[in-house]
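Reviewing the structure listed below.
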Protein chains: 2
Amino acid sequence: MSETIQGLAVELKQTFLDYLASKGLKNTTQRMIILEVFLEQKSHLSTEELYLKVRGKNPKVGYATVHRTLKLFAECGIAAERHFGDGQGRFELVHGEDHHDHLVCTGCGLILEFENPQIEELQEDVARQHRFTIENHRLELYGLCPACASK
Amino acid sequence: MSETIQGLAVELKQTFLDYLASKGLKNTTQRMIILEVFLEQKSHLSTEELYLKVRGKNPKVGYATVHRTLKLFAECGIAAERHFGDGQGRFELVHGEDHHDHLVCTGCGLILEFENPQIEELQEDVARQHRFTIENHRLELYGLCPACASK
DNA sequence: ACATAATTGAAAATGGTTGTCAATATAAAC
DNA sequence: GTTTATATTGACAACCATTTTCAATTATGT
């Protein structure tokens with residue numbers, strides 16, 4: 001199991017390196033630190049949160065660099081930026097083609113992911129009805145998780 | 001047809017006035033102007049956009065007042081605030097219980113509304129599976145409208 | 001009309017994000 | 001290994017939408 005997780009990390013790292021090379025960008029110490037810390041964390045971290053984690057490992061890395069690097073992650077497809085209504089962007093790892101949506105607890109901030117192919121199909125029906133060419137979508141369900149609901 | 005639209009406007013106005021009374025808030029000239037202009041416009045206006053429209057009718061109304069009044073509309077349930085990824089909140093009229101979602105054109109900014117009870121049901125299934133108590137949700141499909149796709 | 005409390009508008013503050021720029025580090029060429 | 005051209009960095013400032021502040025004004029109940 002830990003092998004597959006490591007394998008994933010290596011693969012994402014390679015994707016990023018390839019992207020840098022293809023754009024004539026450079027592979028720097030900071031970018032590697034930020035990528036490693038990003039891969040270690042659970043998903044849905046804000047720039048601020050990741051910045052603090054990165055600082056813990058190397059205090060010389062600046063906020064702007066973390067921000068710019070996260071944008072690069074998004075550009076090369078290994079991360080996606082999301083907004084959950086708290087006014088700040090959050091970044092999540094993207095693995096392959098599978099799309100997922102989110103359950104967000106308005107009590108404690110817990111974010112769960114889910115997939116539902118049936119919903120995806122119905123979305124495509126809606127798009128077809130309106131002759132829209134869908135590029136992406138987002139679906140978020142807001143409410144209380146079991147723990148918060150029982151309080 | 002124009003009777004039902006007018007009827008709706010009267011009803012929403014009354015809902016707002018009732019809300020003000022119930023909270024010990026006051027019915028002011030500005031609030032009435034802002035509500036009237038809001039009802040005249042098509043939905044999904046940003047604070048800035050509504051502010052400019054209100055200014056056209058009465059140049060003395062300030063931005064902060066428009067903003068605070070829109071928040072009041074949202075509180076009393078006649079409007080809802082949405083975010084479509086362009087970094088600013090947009091407000092839409094709420095009529096009754098019916099929920100709707102959005103198709104957003106990434107080319108021209110067109111926003112279409114749609115309803116799909118089947119999707120809503122599936123969402124409830126997902127919530128049940130995770131024992132979440134859903135308060136609200138949002139679903140947005142981003143892509144190109146027919147006009148933009150054919151360019 | 002009076003008193004009490006809410007509202008207003010202008011301006012400043014806030015918070016997240018993005019831009020600037022001189023100093024530094026990288027990758028390729030020599 | 002050195003040189004050269006170019007990208008990157010970090011500290012800071014700028015930005016934009018939103019929110020707060022506060023003295024002056026206005027609305028409502030008595």
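Computed from a prediction, not measured in an experiment: that's the story for all the values here. The chains referred to below are lettered A, B, ... by the order of the sequence lines, with proteins before strands, and numbering in each begins at 1.
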Original post:
Partners of A80(A) by side-chain contact (heavy atoms from CB on, under 4.5 Å), sequence neighbours excluded?
Top reply: E92(A), V94(A)
**OP:** Using side-chain contact (heavy atoms from CB on, under 4.5 Å) as the criterion, list what pairs up with R31(B), not counting sequence neighbours.
**Re:** F16(B), L20(B), L25(B), T28(B), T69(B), L72(B)
Original post:
Between the main-chain N or O of G143(A) and the side-chain N or O of T106(A), is there a donor-acceptor pair closer than 3.5 Å?
Top reply: yes
Original post:
Which residues pass the side-chain contact (heavy atoms from CB on, under 4.5 Å) test with T29(A), sequence neighbours left out?
Top reply: I33(A)
**OP:** Give the other cluster members for F114(A), using side-chain heavy-atom distances under 4.5 Å between Ile, Leu, Val, Met, Phe, Trp and Tyr residues; answer none if it is isolated.
**Re:** L103(A), L110(A), L112(A), I119(A), L122(A), V126(A), F132(A), I134(A), L139(A), L141(A), L103(B), L110(B), L112(B), F114(B), I119(B), L122(B), V126(B), F132(B), I134(B), L139(B), L141(B)
Original post:
Quick one: salt bridge (charged side-chain N to carboxylate O under 4.0 Å, His left out) partners of D18(B), sequence neighbours excluded?
Top reply: none
Original post:
Once each nucleotide of nucleotides 17-30 of chain D is scored for protein heavy atoms under 4.0 Å, what B/S/- sequence comes out, 5' to 3'?
Top reply: SBBBB-----BS--
Original post:
For the pair made of NZ in K60(A) and P in dT8(D), what is the distance, rounded to whole Å?
Top reply: 18 Å
**OP:** Identify, with sequence neighbours excluded, every residue that meets side-chain contact (heavy atoms from CB on, under 4.5 Å) alongside N136(B).
**Re:** Y142(A)
Original post:
Using rotation axes that map the C1' atoms of four end pairs onto the next four (five pairs an end), what angle separates the end axes of the helix from dA1(C)-dT30(D) to dC30(C)-dG1(D), to 10°?
Top reply: 30°
Subject >> Nucleotide dA7(D), atom C1' - distance to CZ of R31(A) in whole Å >> reply: 8 Å
**OP:** Kindly write out the residues that satisfy salt bridge (charged side-chain N to carboxylate O under 4.0 Å, His left out) with R131(B), not counting sequence neighbours, or none if the list is empty.
**Re:** none
Original post:
Looking at residues at least two apart in the chain, or sitting in another chain, which of them share a side chain to side chain donor-acceptor pair (under 3.5 Å) with E124(B)?
Top reply: none
Original post:
K26(B): what forms a salt bridge (charged side-chain N to carboxylate O under 4.0 Å, His left out) with it, not counting sequence neighbours?
Top reply: none
Subject >> Segment of DNA chain C, first to last nucleotide, that comes within the 4.0 Å heavy-atom reach of chain B >> reply: dA5(C) to dA10(C)
